[in-house]
Amino acid sequence: METVVFYQFVTEVPQAAAIWSTLFLLTLGLLTVLAARPERERPADDPPPAGPTVREMAAAEAVDRRRYAEEVAVAAAGAATTARRRRSAWLTAQEQLERAWTGYDEADAAARRFAGAGALPTPQTPHTPAEYAARERYLHRAAMAAYWRGDLTMAQLGDVFGHRRGWDPRRHPVEQEVLISRVVRDARLADYQAAAGRERAAWRDAELAAESARTLAEEAYAAAARLRPTPVPARRVVARAMRPAVVARWRPARVS
């Protein structure tokens, strides 16, 4: 029995050892391969986008300068047109002011002339219905003549025929002429004052438009100048060829 056991031990132990040795070698080889195998490189993060180059930045800046120059040029042209239109409007307002002054001066001269005539004593006429009717007809004719001349407005003419605002048909014709001349003078003075206000406003608008046009024109010129390439300073041209300077030798004077 012991012989059988010993035989089995002798025959089976080397076989088991061989199996275990083989498994150990396989495991060791597998570990060696795994240890020697390089790891897969992890996907690196995407590189940050490259910034614009100096040339690209210069090109973009040049495009911006050109666009700005074009916009300023358009604005300057529009401002110049506006300035011319405002100046034309001011010249028109100035002409209207001169005409209004001429009208006021004539009306003032007429009012002074009638005022001098009104200083004389009023002629005595009989106070009869026929006389009053004649005075009323004279007032109406004088008012209509002033209206057709443009000296009275429609509202003032209505006041004359309605005997309102101091228009009394019973007054003497001389008094009526004095009153009409004063009303015309006051109307011409109001016209002149209104024309003077319009002229001042037109002058102010023309000055502002001209200043804006000058400013935009200067800016447009500067923007256009920035588009031109910077000139390279030329080398100085030597007028004379470089030649060695002739040095005069000093010689002692001969003593005779």
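These numbers were taken from a predicted model, which means no experiment stands behind them.
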Heavy-atom closest pair, residues [X] and [Y]:
X: A143; Y: I180; value: N-CD1, 4.2 Å
X: A206; Y: W90; value: CB-CB, 4.3 Å
X: A79; Y: L216; value: CB-CD1, 3.6 Å
X: Y147; Y: L157; value: CG-CD2, 3.8 Å
X: A100; Y: A195; value: CB-CB, 4.0 Å
X: A76; Y: A220; value: CB-CB, 4.2 Å

Self-check item: Whether Y192 and Y104 hold their rings parallel, tilted or perpendicular, with breakpoints at 30° and 60°
Solution: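 Y192 and Y104: parallel rings.
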So, taking the atom named [atom1] in [X] and the one named [atom2] in [Y], what distance separates them when rounded to the nearest 0.5 Å?
X: D205; Y: R198; atom1: CG; atom2: CZ; answer: 13.5 Å
X: E199; Y: L91; atom1: CD; atom2: CG; answer: 10.0 Å
X: D168; Y: E136; atom1: CG; atom2: CD; answer: 9.5 Å
X: R200; Y: R204; atom1: CZ; atom2: CZ; answer: 8.5 Å
X: D186; Y: D191; atom1: CG; atom2: CG; answer: 11.0 Å

Below 4.5 Å, heavy atoms only, C-beta onward: do [X] and [Y] meet side chain to side chain?
X: R188; Y: E106; value: no
X: E177; Y: Y138; value: yes
X: F161; Y: M144; value: yes
X: Q176; Y: W167; value: yes

Under 3.5 Å, sequence neighbours excluded: what are the donor-acceptor pairs made by side chains of residues 66-73?
unit_1	atom_1	unit_2	atom_2	d
R67	NH1	D64	OD1	3.1
Y68	OH	E219	OE2	2.8

Quiz item: Has the side chain of R164 got a donor or acceptor atom that lies under 3.5 Å from a matching backbone atom of G158?
Solution: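 Confirmed, R164 side chain pairs with G158 backbone.
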Exercise. Find out if a path of hydrophobic residues (ILVMFWY) with successive side-chain heavy-atom gaps under 4.5 Å connects L189 to V184.
Key: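 Per the 4.5 Å side-chain linkage, L189 and V184 are not co-clustered.
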Practice problem: Please test E211 against L208 for side-chain contact (heavy atoms from CB on, under 4.5 Å), starting from the C-alpha separation and ending with a verdict. | Solution: CA-CA 5 Å; E211 181 63 25; L208 292 176; 5.8 Å; no
Quiz item: In chain order, what residues pass the side-chain contact (heavy atoms from CB on, under 4.5 Å) check against A80, with sequence neighbours excluded?
Solution: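 Per chain and number, A80 pairs via side-chain contact (heavy atoms from CB on, under 4.5 Å) with R84.
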Exercise. Check each of R135, H140, R141 against R137 using the side chain to side chain contact (heavy atoms under 4.5 Å, CB included) test, and report the only one that passes.
Key: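 Testing each of R135, H140, R141 against R137, the sole residue satisfying side chain to side chain contact (heavy atoms under 4.5 Å, CB included) is R141.
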Quiz item: For Y221, does the OH atom have more than 12 heavy-atom neighbours from other residues, nucleotides or ligands under 6.0 Å away?
Solution: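 Result for OH/Y221: open.
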Exercise. Quick one: do R171 and L179 satisfy side-chain contact (heavy atoms from CB on, under 4.5 Å)? Show the steps, please.
Key: CA-CA 10 Å; R171 289 182 177 180; L179 183 58; 3.9 Å; yes
